[in-house]
Amino acid sequence: MKDIYTTLSGSLAAWHHVEMVSNNVANMNTSGFREARMAFSTDGQMARPDGIFYNSADGALIVDDNPTHLALRGDGFFSMANGSYSRDGNFHVDLAGNLVNSDGIAVLNDQNQPILMRPGESISVSPDGVIIGSSSGQVGKLGLVSLTNATPVGGTAWTGTPAPALTAEVIQGALEHANADPLRGMVELIEASRIFEAQEKVIRTSDEMRARLNRIA
């Protein structure tokens, strides 16, 4: 039975790869999305996923001149009121004057407080994250952090151990595109799918051969 277990380990590894690459491809147009990469190991007989790593390179900028859209360059994340962190700067000001993301979660300043502005006022944001309202003056500074042990928790939200971001730069009027390569993603998805199908064929063939041997015996 060892051949089936060996092939099954390869099949499972390929399936995990398919899932990871599929998620990358599905989020090609998600602002602030970071591409996942998977490593594999083998003990000579069994193959297994050996960890997922995330591409920390900056995604391309999408300039739209929306003053509440913010993109990050360098090592940094926005701090959110639900305890998560994000690279997605698709923000707006809600009816209460809070700077929030598309899910209505408030963006925090460097004092871990929501950023409050007067509804309707225009804002400018400096590269270091200082927000100036046209009628309020300085309303706060973005709480930008770098993360160790960064782990995605769904959508564009991350958790990890925060520390002040030393190299982060804020670009106002732009969003950060996903840093996944669409062409490479499609090629990898096709390759991983073919490897999975090939492993499944080996398992079926081995099972059929074993059944024939049993009948002969």
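Using a 4.5 Å heavy-atom threshold, the side chains of F77 and L144 count as separate. A 4.5 Å side-chain heavy-atom check between E188 and H17 finds at least one atom pair inside the cut-off. A 4.5 Å side-chain heavy-atom check between I131 and Q138 finds every atom pair outside the cut-off. Within the 4.5 Å cutoff, the side chain of I52 has no heavy atoms near those of the R37 side chain. Residues L70 and L72 fail the side-chain proximity criterion, which asks for heavy atoms closer than 4.5 Å. Inter-residue side-chain proximity for V170 and D128 is flagged as unmet; no heavy-atom pair is nearer than 4.5 Å. Using a 4.5 Å cut-off on side-chain heavy atoms (C-beta onward), D75 and L166 make no contact. Within the 4.5 Å cutoff, no side-chain heavy atoms of P164 are placed close to those of V145.
F33 and V25 are members of different hydrophobic clusters when ILVMFWY side chains are connected at heavy-atom separations under 4.5 Å.
Between the side chain of E176 and the backbone N or O of G59 there is at least one donor-acceptor pair closer than 3.5 Å. In this structure, the side chain of R118 does not engage the main chain of S136 through any donor-acceptor pair within 3.5 Å. In this structure a side-chain-to-backbone donor-acceptor pair under 3.5 Å is missing from E169 to R73. With N98 contributing its side chain and D94 its backbone, the two residues share no donor-acceptor pair below 3.5 Å.
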Report task. Just do the side chain to side chain contact (heavy atoms under 4.5 Å, CB included) check on V18 and L189 with the steps written out, would you? Result -> CA-CA 6 Å; V18 168; L189 184 57; 4.1 Å; yes

Query - side chain to side chain contact (heavy atoms under 4.5 Å, CB included) evaluation trace for F40 with D50 - result: CA-CA 5 Å; F40 299 91; D50 197 31; 5.5 Å; no

Query raised in the report: T156 and F78: side chain to side chain contact (heavy atoms under 4.5 Å, CB included), yes or no, with the steps?
Result: CA-CA 11 Å; T156 59; F78 299 106; over 6 Å; no

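Paired with M80 under the rule side-chain contact (heavy atoms from CB on, under 4.5 Å), one option of D103, V107, L108 passes, and it is V107.
Using the six-membered ring where Trp is involved, Y54 and W158 have ring planes that are perpendicular, over 60° apart on the 30 and 60° scheme.
Here I195 pairs with A14, Q199 under the side-chain contact (heavy atoms from CB on, under 4.5 Å) rule; sequence neighbours left out.
A donor and an acceptor atom, one from each side chain of S86 and D88, are nowhere located under 3.5 Å apart.
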